[in-house]
There are 2 protein chains.
Amino acid sequence: MPSNKDYEIELEKLDGARNRFITEIAKNIHLYNITPSAGRLYGTVFFSEEPMTLDEMSRALGMSKTSMSTGIRSLLEANMVERVWERGIRKDLYKVEDDWYKSFSNVFINRWRNATELNMGAIQETKEMLLHLKEETGFDDVLEKVETDLEKLEEAENYYIWLTDVISLFESGKIFELVPKRTKKTLK
Amino acid sequence: MPSNKDYEIELEKLDGARNRFITEIAKNIHLYNITPSAGRLYGTVFFSEEPMTLDEMSRALGMSKTSMSTGIRSLLEANMVERVWERGIRKDLYKVEDDWYKSFSNVFINRWRNATELNMGAIQETKEMLLHLKEETGFDDVLEKVETDLEKLEEAENYYIWLTDVISLFESGKIFELVPKRTKKTLK
DNA sequence: AAGTTTGTTCAGTTAAAACTGTACGTAATA
DNA sequence: TATTACGTACAGTTTTAACTGAACAAACTT
């Protein structure tokens, strides 16, 4: 008959299985600009049956509460976890955002949109500086270099416009028409 | 009349303009898993009229040749620069890959494909461990947790299948049918 | 074969990021 | 108002990543 010790052993096994996945997530989550530690945190909250408090996370990972605080904030900003309220509980509770499509899209959009805007801004400024130089220079050599640079920058600009279009594909949700979500389990 | 000093000044200005863009690239290139230093290196090669040697890069950036070597290798692996040969020159020469669409696609594909495969592998293994546990357990509590976990993992699996489809969109080049490249200069 | 030139490996150093414990501010409870 | 519970800022420490110079290996030159 099943003893209390068997139960402990099985919980160990459950933990081991969960850990296999958590460890892998932690290794790859840098793609979301998130540290491996915060990745383990994410995995822990992912498998938790209930939303977790900072203290529970701290205990589960054997790390300081401060780290949990900063870790969960980075996950929050990446829209990978969300805060939930439960009446009677004063502590902050967190659960994972369970729409992974949304998490991916959010991160993808925010990061690339931001970089694209900054780079396009820089291109504009650089172009203006070059155009000034182009007008005032009397040296053929300089003129030639300026013109080559302007061409390069315009090619880069075209690329960024394309990238903006790609980002919009995800932002508008149109990507899901082109590449539909999978909902049923596929055959092994 | 234009003096030698004017020429120097104009070259300074050219350098300043280029630097504006290089600095911005360096700030955002972490999206490609590339360090800011290697980002500056990329920008420097980008504006160079001729393919550059490691020694030239070292001089241009005021950094060690060792750093140039590792930096250029990371750019090479990301398909952002390429090596070119010129007869009579023994040193390695590098220029930027000028198809930025290709660079982006390469990086996007490689990074996400790799992470996706690893994560899907981990999901499979975790599922197998859980299925074993499911068969052997006699505790309702354990059974329930295992089943919840299996459901979560299957949802995650669906997401990764979708992501694989998205990656294929870029890998096959089909993305360019859906979001065409921009080739003409757009209006200001 | 001896001597150069060139890129890379490796050990040590410097710079940056992650993590911790204490202390603090705010809000709930008494 | 005093007390407790909670999350976060901050300063200091530890860990990790970036960078350098010296030594090495491979390939070219003489």
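Numbered from 1 within each chain, the chains take letters A, B, ... in sequence-line order.
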Please report the distance, rounded to the nearest Å, between [atom1] in [X] and [atom2] in [N].
| X | N | atom1 | atom2 | value |
| --- | --- | --- | --- | --- |
| K91(B) | dT5(C) | NZ | C1' | 8 Å |
| M57(A) | dG7(D) | CE | C1' | 12 Å |
| L75(B) | dG7(C) | CG | P | 16 Å |
| H30(B) | dA18(D) | NE2 | P | 13 Å |
| E86(B) | dT6(C) | CD | P | 15 Å |
| R83(A) | dT8(D) | CZ | C1' | 13 Å |
| I29(B) | dA18(D) | CD1 | P | 13 Å |
| W85(A) | dG7(D) | CH2 | C1' | 14 Å |

- Presence of R40(B) side-chain N/O under 4.0 Å of dC19(D) phosphate oxygens OP1/OP2: no

- Message: Can you see if the side chain of S69(A) gets near the phosphate of dT8(D) - specifically, an N or O under 4.0 Å from OP1 or OP2?
- Response: yes

- For residues 140-150 of chain A, the side-chain hydrogen bond (donor to acceptor under 3.5 Å, both in side chains) pairs (sequence neighbours left out) are D141(A)-Y7(B), D149(A)-R18(B)

- Message: Give me the atom names and distance for the closest heavy-atom approach of K95(B) to D98(B).
- Response: NZ-OD2, 3.3 Å

- Task: Search all heavy atoms of S103(A) against all heavy atoms of M80(A) and return the closest pair with its distance.
- Result: OG-CA, 4.1 Å

- Task: Answer yes when K91(A) and E56(A) have at least one side-chain N-carboxylate O distance shorter than 4.0 Å, and no when they do not.
- Result: no

Contact list (N/O, under 3.5 angstrom) for nucleotides 15-21 of chain C vs protein:
{"from": "dC19(C)", "atom 1": "OP1", "to": "S37(A)", "atom 2": "OG", "distance (Å)": "2.0"}
{"from": "dT20(C)", "atom 1": "OP2", "to": "S64(A)", "atom 2": "N", "distance (Å)": "3.1"}
{"from": "dT20(C)", "atom 1": "OP2", "to": "S64(A)", "atom 2": "OG", "distance (Å)": "3.0"}
{"from": "dT20(C)", "atom 1": "OP2", "to": "S67(A)", "atom 2": "OG", "distance (Å)": "2.7"}
{"from": "dG21(C)", "atom 1": "N7", "to": "T66(A)", "atom 2": "OG1", "distance (Å)": "3.4"}
{"from": "dG21(C)", "atom 1": "O6", "to": "T66(A)", "atom 2": "OG1", "distance (Å)": "3.2"}

- Please name all residues satisfying ring pair (Phe, Tyr, Trp, His ring centres under 6.0 Å) with Y32(B), sequence neighbours left out, ordered by chain then number. W112(A)

- Message: For T44(B), give me all partners under side chain to side chain contact (heavy atoms under 4.5 Å, CB included), at least two apart in sequence or on another chain.
- Response: I22(B), M52(B), A60(B), L61(B)

- Note on the structure: The contact string for nucleotides 25-30 of chain C, one letter per nucleotide 5' to 3', using protein heavy atoms under 4.0 Å with B, S and - for base, sugar-phosphate only and none, comes out as ---SS-

- Message: Side chains of T137(A) and E10(B) only: does a donor on one sit below 3.5 Å from an acceptor on the other?
- Response: yes

- R40(A) and N19(A) side chains, donor-acceptor separation under 3.5 Å: yes

- D55(B), nearest nucleotide to its side chain (from dG7(D), dG7(C), dA9(D)): dG7(C)

Scan the side chains in residues 160-175 of chain B for donor-acceptor partners under 3.5 Å anywhere in the protein, sequence neighbours excluded, and list what turns up.
{"from": "Y160(B)", "atom 1": "OH", "to": "N119(B)", "atom 2": "ND2", "distance (Å)": "2.8"}
{"from": "W162(B)", "atom 1": "NE1", "to": "V179(A)", "atom 2": "O", "distance (Å)": "2.8"}
{"from": "T164(B)", "atom 1": "OG1", "to": "Y160(B)", "atom 2": "O", "distance (Å)": "2.8"}
{"from": "D165(B)", "atom 1": "OD1", "to": "R182(A)", "atom 2": "NH2", "distance (Å)": "3.4"}
{"from": "D165(B)", "atom 1": "OD2", "to": "R182(A)", "atom 2": "NE", "distance (Å)": "3.2"}
{"from": "D165(B)", "atom 1": "OD2", "to": "R182(A)", "atom 2": "NH2", "distance (Å)": "2.7"}
{"from": "S168(B)", "atom 1": "OG", "to": "T164(B)", "atom 2": "O", "distance (Å)": "3.0"}
{"from": "E171(B)", "atom 1": "OE1", "to": "R113(B)", "atom 2": "NH2", "distance (Å)": "2.1"}
{"from": "S172(B)", "atom 1": "OG", "to": "S168(B)", "atom 2": "O", "distance (Å)": "2.9"}
{"from": "S172(B)", "atom 1": "OG", "to": "L169(B)", "atom 2": "O", "distance (Å)": "3.4"}
{"from": "S172(B)", "atom 1": "OG", "to": "K174(B)", "atom 2": "N", "distance (Å)": "3.2"}

